[in-house]
Structure formats: C-alpha cells, structure tokens
2 protein chains.
Amino acid sequence: MTRRRFGAEDSQTRRALLDAAAQIMLEEGYAAATSRRVAARAGVKPALVHYYFRTMDDLYLALFRRGAEANLRRQEKALAADRPLQHLWEFGNDPDSTALMAEFIALANHRKTIKAELLAYAERFRTIQIKAVTELLNRYGVDTTAFHPAAATVILTSISRILAIEVGLGLTAGHAETIELVERFLHGIEPPRTGDADAPTDDHPTAEDRPTARGPAERE
Amino acid sequence: MTRRRFGAEDSQTRRALLDAAAQIMLEEGYAAATSRRVAARAGVKPALVHYYFRTMDDLYLALFRRGAEANLRRQEKALAADRPLQHLWEFGNDPDSTALMAEFIALANHRKTIKAELLAYAERFRTIQIKAVTELLNRYGVDTTAFHPAAATVILTSISRILAIEVGLGLTAGHAETIELVERFLHGIEPPRTGDADAPTDDHPTAEDRPTARGPAERE
DNA sequence: GTCTATACTTCGATAGAC
DNA sequence: GTCTATCGAAGTATAGAC
C-alpha cells in the first residue's frame with residue numbers, strides 16, 4: 001500500500017480546518033461537520049481534510065483536545081484569580097465552550113474514542129475543581145461538614161451549565177431568580193471587594209440580556 | 001404527482017418504528033437513527049418508514065411528542081404524590097428519558113422544527129413545575145423571599161439532569177456528596193413520613209449503585 | 001501542500017407491484 | 001400495508017498529478 005503522509009501540527013491550514021469544524025458544530029451540530037463542509041468552510045478541498053487528519057474521528061479528537069486544553073488553562077487562571085468561586089460560576093456561562101461541550105457529549109454517545117477522551121478530561125477537570133474549592137471553603141471558614149466541597153462544586157457547575165444550555169435553546173423561565181440566588185449566596189461567602197476595578201463584574205448578564213438564539217444559520 | 005398515503009396513528013408497525021428509533025438514539029445517538037436502520041431494527045423495509053412518516057423530521061417529531069406527553073403525565077403524578085419535592089428530584093434521575101432528551105437537544109441544534117417543539121415543551125414543563133413548587137414551599141412555610149420557588153425549581157432539576165448525563169458518561173466524582181447534600185436539604189423541608197410503605201424510598205440510589213453504562217444492548 | 005478524479009457506502013425519498 | 005427497485009445527493013476515504 002502507498003505510504004500516507006500527514007500534515008504538521010503547527011500548519012496554518014490545519015488550524016483553519018479545526019476552526020471551521022468548531023464553527024459548524026456550534027451552528028448546526030456535530031452531524032453537520034462533515035469532511036466536505038469543513039473543507040468548504042476552510043476554503044480548501046475535501047481531500048486536504050484527510051491529509052491533515054486520517055479520519056473524521058481524528059479531526060473531532062484533535063478539536064476536542066484543543067478546546068479541553070484551553071478550558072483547563074482558563075480554569076486554572078479562574079481559580080487563581082481574585083474571586084475564584086465567582087469565576088467558577090461564570091466559567092460555565094460561556095455560551096460557546098458550553099455549547100461545543102454539549103455537542104461532544106452527544107458525539108461521545110456513539111463514538112467510543114470520543115467518549116474515553118471526554119471522560120478522562122472531565123475527571124481531570126473536576127478533580128482540579130474540587131481540590132481548589134476544598135481549599136477555598138476552608139480558607140473562607142465555611143462549615144464543610146454540612147456543605148461538602150465536592151457537592152458545592154458539582155452544584156455550582158451544574159447550574160451554570162444547564163443555564164447555558166437552556167439559553168441556547170431560548171428557554172429562560174426561572175433564570176433571573178436562579179442567578180440572583182446563586183450570586184447572593186456567593187457574595188455571602190466570597191464578598192466582592194468594593195472599588196476594585198479588576199474584580200469580576202457584579203452585574204452578571206441576566207438571561208434577558210443574552211441573545212435568545214445562538215447560531216446564525218438554521219437548516220434551510 | 002402521485003398522491004401519497006400515510007399510516008394511521010394507532011398502527012402497530014408505527015409504534016414499532018418509534019420504539020426502534022428511540023432505542024437507536026439511546027444507544028448510538030440521534031445521527032444513527034437513519035431510516036434504513038430504524039426499519040431494520042423494527043423488522044420492516046425502509047420504505048415503510050416513509051409510509052408512516054413523510055420525512056425523518058416527522059419521525060423525530062412524533063417520537064419527541066410521545067416522550068414529552070409521557071413526561072408531562074409522569075410529572076403531573078409526581079407533583080400530586082406524597083412527597084412532591086422528593087419526586088421532582090428523582091424525576092430527572094431517570095437515565096433513559098434524560099439521555100433521550102439530551103439527544104433531542106443536540107438534534108434541536110440544527111433542526112428548526114425540533115427546536116421549536118422542544119422549546120414549547122420545555123416552557124410548558126417548567127411553568128407547571130414552578131407553579132407547583134411555589135404552592136408547595138408556601139405550604140411548607142419556607143421563606144420564599146430568600147429562596148425563590150422558581151430558583152429552587154431550576155436548581156433542583158439542573159442538578160438532577162447533570163448527574164444523569166454524567167452517569168451516562170461514566171463520571172461520578174462528587175456525585176455521592178451532592179446527592180447526600182440535596183437529600184438532606186429536601187428532608188429538612190419535606191420530611192419523609194416514617195413507616196409509610198407507599199412513600200418514596202429513602203435509600204435513593206447513589207452513584208455507586210448505578211450501572212456505569214446506560215443502554216442494555218450494545219450494537220451487534 | 002494542494003489539487004482532480006474516483007471508488008465505494010449510506011442516506012432520504014419515491015414509484016409502483018403485490 | 002408492505003414490498004422491490006431505483007434515483008440522486010452526500011458521506012468517507014484514497015491514489016496520484018501538479
């Protein structure tokens with residue numbers, strides 16, 4: 001058989017293909033991110049996709065890893081910042097990364113390699129979170145026997161993620177009340193430093209401020 | 001053009017096709033629920049799919065509606081039961097309906113008709129929930145100025161749903177602690193009647209008790 | 001690195017026989 | 001109501017010219 005070649009990691013075209021795939025997945029779902037359409041969006045021919053990525057699974061995996069690494073770095077920064085809990089709460093509210101993650105969860109449902117990768121990442125992510133929150137709550141003097149740090153972590157990120165998903169769908173009933181309650185709670189154990197310009201903004205965007213629809217292109 | 005015919009609502013074959021589609025979506029994701037494979041699983045020929053459902057979108061829509069109606073009836077019963085909050089909490093823990101819903105959310109991302117239907121259903125669902133929880137908290141004497149019923153509803157169902165999704169993925173870190181905290185909280189405002197055989201079970205299945213994989217049958 | 005050309009598969013959907 | 005047969009479109013992937 002003929003020896004196949006594969007493109008370098010730092011290629012400009014490779015990056016363009018990953019960007020194109022991410023955009024399509026966000027706008028139309030993972031099923032729409034086919035080799036032909038990814039190539040078209042990146043402005044190249046379909047064969048190039050298979051030059052840089054042997055299979056479509058390889059492309060999905062590469063895209064996932066790129067986002068996962070970025071997320072881990074983002075979280076690391078958030079946890080080291082001024083008000084870590086507030087940052088952790090806002091973290092899951094990023095619509096794009098949350099929506100992309102939802103697509104990968106759906107993908108994982110029937111792609112073994114994606115599922116394994118997703119699980120490994122999620123566990124790593126959560127372990128870091130729980131460790132950081134544990135130290136934080138102790139430092140804040142919260143009674144962690146009644147309010148376990150692991151539970152706090154799961155609850156905070158769960159709410160954050162569901163809200164993001166629902167906003168993407170156009171559902172906002174109960175959101176304002178939820179955000180108000182969570183932020184009041186957070187302020188109670190992690191008070192914002194008043195008059196600190198670098199602190200995270202207090203007027204967290206409410207559901208009403210956000211666009212109701214996420215992607216531009218619906219299906220024709 | 002030739003006049004097309006369509007099968008009756010109460011057909012046995014129609015039901016078999018919907019069941020087959022649901023199974024495939026659960027086990028391998030919505031993208032795998034193609035006309036050919038749904039037909040094969042139902043034991044009929046692909047053309048029959050288009051006899052009962054004009055397009056695949058029609059099939060997805062019919063499947064969604066069937067599940068949505070069942071969910072609404074289930075919730076109605078749960079809210080009228082002995083310990084409504086506990087039931088509401090356990091409701092989202094049903095792995096199958098939660099996983100199916102996740103698939104439809106992904107589907108909605110690039111199918112306009114699904115998205116509209118999903119949104120309408122979700123709003124209806126949540127409105128009923130919030131209304132019921134509002135009455136409940138008032139009856140229980142909870143201070144609803146500090147703890148808004150809408151927020152309580154969103155938070156409880158969010159946690160429930162994320163846990164179900166994560167269990168499907170194989171991620172359980174922090175689950176036991178979360179379940180413990182939520183149930184302790186619920187017991188505080190809605191105490192279980194001791195010695196009542198009909199009351200919901202107290203030993204709620206923890207993450208460890210649940211199977212790590214969701215679907216029964218893998219692909220042959 | 002990027003292209004053309006192509007092989008092979010699977011998809012959705014329809015027409016028309018039975 | 002269910003089938004066979006078939007269409008055109010779109011998918012993944014590869015070989016080989018440039």
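Computed from a prediction, not measured in an experiment: that's the story for all the values here. The chains referred to below are lettered A, B, ... by the order of the sequence lines, with proteins before strands, and numbering in each begins at 1. Reckoned from all heavy atoms, side chains included, excluding hydrogens, waters and symmetry mates.
- Counting only heavy atoms from C-beta on, B/A47 has its side chain closest to D/dT4 among D/dT4, C/dG12, D/dT2.
- A donor-acceptor pair under 3.5 Å is formed between the side chain of A/E190 and the backbone N or O of A/Q86.
- Between B/T13 and D/dG1, a side-chain N or O to OP1/OP2 separation shorter than 4.0 Å is absent.
- Computed from coordinates, the A/F53 CZ to D/dT14 P distance equals 15 Å when rounded to whole Å.
- Atom CD1 of B/I155 sits about 9.0 Å away from atom CG of A/L163, to the nearest 0.5 Å.
- Residue-level contact check: A/T55 touches the backbone only, with heavy atoms under 4.0 Å from sugar-phosphate atoms and none from bases.
- Nucleic acid contact class of A/V44 (heavy atoms, under 4.0 Å, all strands): sugar-phosphate only.
- Distance, A/R54 CZ to D/dT14 P: 6 Å, rounded to whole Å.
- Contact annotation: B/S35 side-chain N/O to C/dA13 OP1/OP2 distance is not under 4.0 Å.
- Of the candidates C/dG1, C/dG12, D/dG1, C/dG12 carries the atom nearest the B/T34 side chain, counting heavy atoms from C-beta on.
- Atom CG in B/D57 sits roughly 14 Å away from atom C1' in C/dC11 (whole-Å rounding).
- Contact annotation for A/R37: backbone-only contact, meaning every heavy-atom pair under 4.0 Å involves sugar-phosphate atoms and none involves a base.
- Mapping A/S11 and A/P46 onto DNA chain C by nearest heavy atom places A/S11 closer to the 5' end of the strand.
- Summarising the geometry, the separation between NE2 on B/H50 and P on D/dC3 is reported as 14 Å, rounded to the nearest angstrom.
- With A/E103 contributing its side chain and A/Y30 its backbone, the two residues share a donor-acceptor pair below 3.5 Å.
- Per the geometry, CZ belonging to A/R36 stands 13 Å off C1' belonging to C/dT4, to the nearest Å.
- Taking the six-membered ring wherever Trp is involved, the centroid distance between the rings of B/F64 and B/Y60 does not fall below 6.0 Å.
- Between B/E9 and B/R65 there is no salt bridge, since none of the side-chain N atoms of the basic residue sits less than 4.0 Å from a carboxylate O of the acidic one.
- C/dA13 atom P lies 15 Å from atom CG of B/L48, rounded to whole Å.
- Here D/dT12 presents its P atom at 10 Å from CG of A/L59, a figure rounded to the nearest Å.
- For B/M56, the listed nucleotide lying nearest its side chain is C/dA13; candidates were D/dA13, C/dT2, C/dA13.
- Going from atom CG of A/L17 over to atom P of D/dA13 covers 14 Å, rounded to whole Å.
- Listed pair A/Y51 / D/dA13 fails the phosphate criterion, with no side-chain N or O lying under 4.0 Å from OP1 or OP2.
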